[in-house]
Amino acid sequence: MLVALSLVACNSNFSSTEATRPADAVTAVLGNAVTVKPTSLPSIKPVHPSATPYPTSIPLIEGPVAASFVAVSPDGNFVAAINPDSGSVTLVDAANLTIKAEIFVGEDPRTLCFTPDSKKIVVSNWGSSSISVISLDRDMDVDHHLVGLMPYAVVTDGNDAYVTEFATGNVSVLNLKTGKQVNRISVNPFPAGLALTSDRKQLLVTHLFNGEVTSINVKTAKVSRVVSTGLDISSNQFIAIGPLGEKAYLPQTRANVENTALLFDSTVFPVVNILDLSDLTLMVRDRITIDTADEPVNMPFSVAISADGNIVFIANAGSDDVSVIDQRTGRSVAHINVGANPRGIAITPDGSRVFVNNVLDGTLSVIDTDDLVVTRSIELTDIPLPETILEGKKIFNSASEPVLTTDNWISCATCHFDGMMDGRTWLGFPDGPRNTPSLLGVSRTLPIHWSGDLDELQDVEVTIREIQVGNGLINGEVHDTLGLAHAGMSYQLDALASYLAILEFPISPQPVDGIDLNLGRQMCTSLGCERCHVPPIFTDLELHEVGTGDRLLEKNRHGHGTNFDTPTLIGVWMTAPYFHDGSAQTLEEVFRTGTVHNVFEQLSVDELGLLIDYLKALSLDD
């Protein structure tokens with residue numbers, strides 16, 4: 001949890017100059033300490049701070065550690081916040097709320113953690129497959145160490161760093177002093193959040209697309225147990241341990257995929273599940289069902305807990321607010337609006353302030369815990385995205401406006417976290433049962449939807465209206481999605497399309513040597529796969545009957561029946577289940593299903609393995 005985090009402050013001397021940023025290095029943007037007057041919600045610009053850290057009487061606290069988008073040092077001196085689109089971390093003086101530095105790290109940083117001695121900050125860089133170690137006692141010098149593909153969370157005990165490798169399904173262990181990998185622990189697919197217990201004996205790992213939590217014995221570096229918080233959990237990216245060390249808190253989204261009569265408020269449900277760490281059991285009666293305890297919110301993303309364990313602060317990334325829940329009553333004591341896409345939340349050791357990292361407007365909201373109101377908004381970074389794309393990214397991640405959804409209920413990101421998919425098949429969609437597709441590379445693979453009835457990116461206007469139950473971004477009636485274009489009818493809709501257009505195909509983690517890759521490619525060609533899955537994007541952008549549809553269930557308004565859009569094969573390593581209805585859980589099952597793909601009996605075990613490995617390794621360059 002983020003109260004007595006094993007995170008750390010800095011007691012370094014700061015340079016008054018801005019470092020030059022070489023190609024493989026980092027820049028620390030520094031500035032002078034200025035006391036902020038207590039006026040109403042000022043925006044604090046980065047300024048040059050003094051060389052003397054703000055003194056504190058709070059002793060260092062050795063507590064549990066969680067990977068987060070924002071953290072307070074255990075001595076209470078500093079706040080560190082991730083800026084994903086800027087590729088940086090901003091360091092803030094926790095007492096006088098001045099910017100100490102903006103430190104550039106790797107590409108698309110996701111989480112961070114202080115070391116217990118307050119001298120270092122460790123950062124996971126999703127886009128550059130690395131961690132960055134910021135040395136606060138060495139003029140904020142930064143070291144970089146490569147890890148596996150798509151590192152999401154990082155925590156440290158001061159000696160080693162533990163990193164979830166989302167794409168490879170591993171937890172990597174690096175020695176902080178040498179930067180060398182000392183262990184790699186295989187876990188279930190798509191590990192995301194991390195938390196380390198106070199005694200440093202247990203490492204807890206969440207898995208993004210389901211409710212699983214893996215417990216790792218730190219001493220043996222072995223998985224000791226895997227538990228589930230629910231088969232209906234579709235968003236599971238964060239875990240925090242309470243201040244007393246007896247509970248773990250998981251902000252999650254539950255998906256009601258089996259309901260065939262979906263309404264907006266029966267589709268997804270925001271919750272915080274709680275685990276009893278004594279035996280890793282789900283405390284069902286203590287679950288926080290946020291829409292009833294507080295009010296409807298979207299995408300609970302991270303939590304912080306008061307030092308007495310009674311109050312839970314929940315940052316809701318989609319509805320741009322914080323729910324404050326008293327666990328003794330199970331009811332809300334406050335609902336606080338913050339900035340755009342709040343993904344991180346942390347509380348000071350003395351419990352006087354809560355900090356919220358609003359990653360899509362580059363600000364840090366400061367909440368006074370006595371009055372439970374935002375008292376400051378600190379500018380952390382100048383987000384370098386073009387204005388239109390930034391606006392589109394905000395829209396994609398937002399459920400805070402009636403034009404996008406009803407009652408803050410659903411955002412695009414609810415089912416497409418960071419442009420990916422939720423691994424679910426929804427039985428109650430208008431066209432029939434639908435497996436959520438990834439949107440990575442979507443601009444290259446139009447049309448959208450399994451029925452191929454959205455032929456431009458702006459046609460997602462219909463999805464906003466029909467699935468999210470928003471009023472829509474177009475003022476007035478919409479066209480048929482295969483008719484006149486929606487492009488140019490709304491600035492906001494065009495902005496959303498601009499953001500979708502920059503989502504690129506994922507890189508594959510599949511290790512395949514050149515010989516095996518060629519054999520797999522030959523197998524694919526000999527079976528005729530490339531007639532429909534045409535390189536280089538591995539789709540012909542057409543609809544086909546492949547023997548997987550049920551005419552009684554298909555209700556496409558354009559009469560496409562059981563003809564389905566050819567999906568790209570790029571990224572199949574991560575997009576299970578397969579087919580429009582998710583009927584194949586694995587690629588092996590794909591080759592046992594339907595009419596066109598049912599080639600299992602034609603292949604030997606070795607040939608099947610070569611083919612599957614080839615498909616999993618595909619990238620845009622193949």
Side-chain angles (χ1 to χ4, degrees), residues 149 167-169 189 420-421 423 425 434-452 504-551 554 560-622:
L149 195 63
T168 66
M420 296 184 286
M421 63 292 147
T425 297
R434 288 296 180 264
N435 172 20
T436 306
S438 170
L439 297 179
L440 300 181
V442 67
S443 66
R444 300 175 184 267
T445 59
L446 293 171
I448 311 174
H449 281 188
W450 285 100
S451 295
E504 277 296 352
F505 290 119
I507 299 171
S508 172
Q510 182 72 16
V512 180
D513 66 32
I515 295 175
D516 287 349
L517 193 68
N518 285 329
L519 289 172
R521 181 183 291 113
Q522 292 169 17
M523 194 67 56
C524 187
T525 301
S526 68
L527 290 168
C529 303
E530 293 181 356
R531 288 198 296 269
C532 297
H533 297 282
V534 183
I537 57 174
F538 295 92
T539 172
D540 61 1
L541 311 178
E542 301 289 343
L543 276 65
H544 298 281
E545 167 65 71
V546 294
T548 58
D550 183 338
R551 292 187 179 277
E554 291 305 312
H560 292 164
T562 55
N563 293 298
F564 299 108
D565 180 49
T566 305
T568 178
L569 296 179
I570 299 175
V572 292
W573 62 270
M574 70 180 295
T575 56
Y578 306 102
F579 295 125
H580 75 283
D581 57 355
S583 54
Q585 294 298 311
T586 66
L587 287 174
E588 180 176 320
E589 289 184 20
V590 167
F591 298 120
R592 296 175 181 266
T593 303
T595 54
V596 175
H597 299 90
N598 194 348
V599 297
F600 182 82
E601 298 299 331
Q602 303 175 36
L603 302 172
S604 69
V605 172
D606 289 343
E607 288 171 335
L608 180 64
L610 288 169
L611 177 59
I612 289 175
D613 286 348
Y614 166 69
L615 295 177
K616 287 183 176 180
L618 287 176
S619 69
L620 189 59
D621 299 327
D622 289 309

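Every salt bridge (Lys or Arg N to Asp or Glu O under 4.0 Å) that Glu588 has, sequence neighbours left out, goes to Arg592. With sequence neighbours left out, Phe505 forms a ring pair (Phe, Tyr, Trp, His ring centres under 6.0 Å) with no residue at all. Listed by chain and residue number, Asp606, Glu607 satisfy the side chain to side chain contact (heavy atoms under 4.5 Å, CB included) test with Ser604 (two or more places apart in sequence, or in another chain). Listed by chain and residue number, Phe579 satisfy the ring pair (Phe, Tyr, Trp, His ring centres under 6.0 Å) test with His597 (two or more places apart in sequence, or in another chain). Judged as a salt bridge (Lys or Arg N to Asp or Glu O under 4.0 Å), and not counting sequence neighbours, Glu542 has no contacts.
Thr568 places a side-chain N or O within 3.5 Å of a backbone atom of Ile537 that can act as its donor or acceptor partner. Not a single donor-acceptor pair under 3.5 Å links the side chain of Asp613 to the backbone N or O of Val512. Side-chain atoms of Asn563 come within 3.5 Å of backbone atoms of His560 as a donor-acceptor pair (strictly under, hydrogens ignored). Checked by atom type and distance alone, the side chain of Tyr578 never pairs as donor or acceptor with a backbone atom of Glu589 at under 3.5 Å. The backbone N or O of Pro509 lies less than 3.5 Å from no partner atom in the side chain of Trp573, so there is not a single donor-acceptor pair. Judged purely by atom type and a 3.5 angstrom limit, Thr595 uses its side chain to pair as donor or acceptor with the backbone of Val546.
Among all heavy-atom pairs drawn from Pro447 and Leu541, the shortest one is CD-O, 3.7 Å. Between Thr562 and Asp550 the shortest heavy-atom distance is CG2-N, 3.8 Å. Residues Ile570 and Leu618 come closest through the heavy atom pair CG2-O, 4.0 Å. Across all non-hydrogen atoms, the minimal contact from Val599 to Val596 is CG1-O, 4.2 Å. Among all heavy-atom pairs drawn from Leu440 and Met420, the shortest one is CD1-CG, 3.9 Å. In terms of heavy-atom proximity, Met523 sits nearest to Leu611 at CG-CB, 4.1 Å.
Ring geometry for Phe538 against Tyr614 counts as perpendicular: the plane angle is over 60°, on a 0 to 90° scale with 30° as the lower cut.
Taking OG1 of Thr168 as the reference point, atom CD of Gln510 lies at 11.5 Å (rounded to 0.5 Å). To the nearest 0.5 angstrom, Leu610 atom CG is 12.0 Å from Cys524 atom SG. Considering OG1 of Thr548 and CH2 of Trp450, their distance stands at 8.0 Å, rounded to 0.5 Å. If you take CG on Leu569 and CD on Glu530, they are separated by 9.0 Å, rounding to the nearest 0.5 Å. Interatomic distance, Ile507 CD1 to Leu620 CG, rounded to the nearest 0.5 Å: 11.0 Å.
Residues Pro506 and Met574 are in side-chain contact: their nearest non-hydrogen atoms beyond the backbone lie under 4.5 Å apart. Residues Pro437 and Met421 have side chains not in contact (no heavy-atom distance under 4.5 Å, counting atoms from C-beta outward). Between Leu603 and Leu527, the closest side-chain pair of non-hydrogen atoms falls below 4.5 Å.
The stretch residues 531-541 participates, sequence neighbours left out, in these side-chain hydrogen bond (donor to acceptor under 3.5 Å, both in side chains) pairs: Asp540-His544, Asp540-Thr566.
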Next item on the list: Please lay out, stage by stage, how Asn435 and His580 fare under the test side chain to side chain contact (heavy atoms under 4.5 Å, CB included).
Entry: CA-CA 5 Å; Asn435 172 20; His580 75 283; 5.8 Å; no
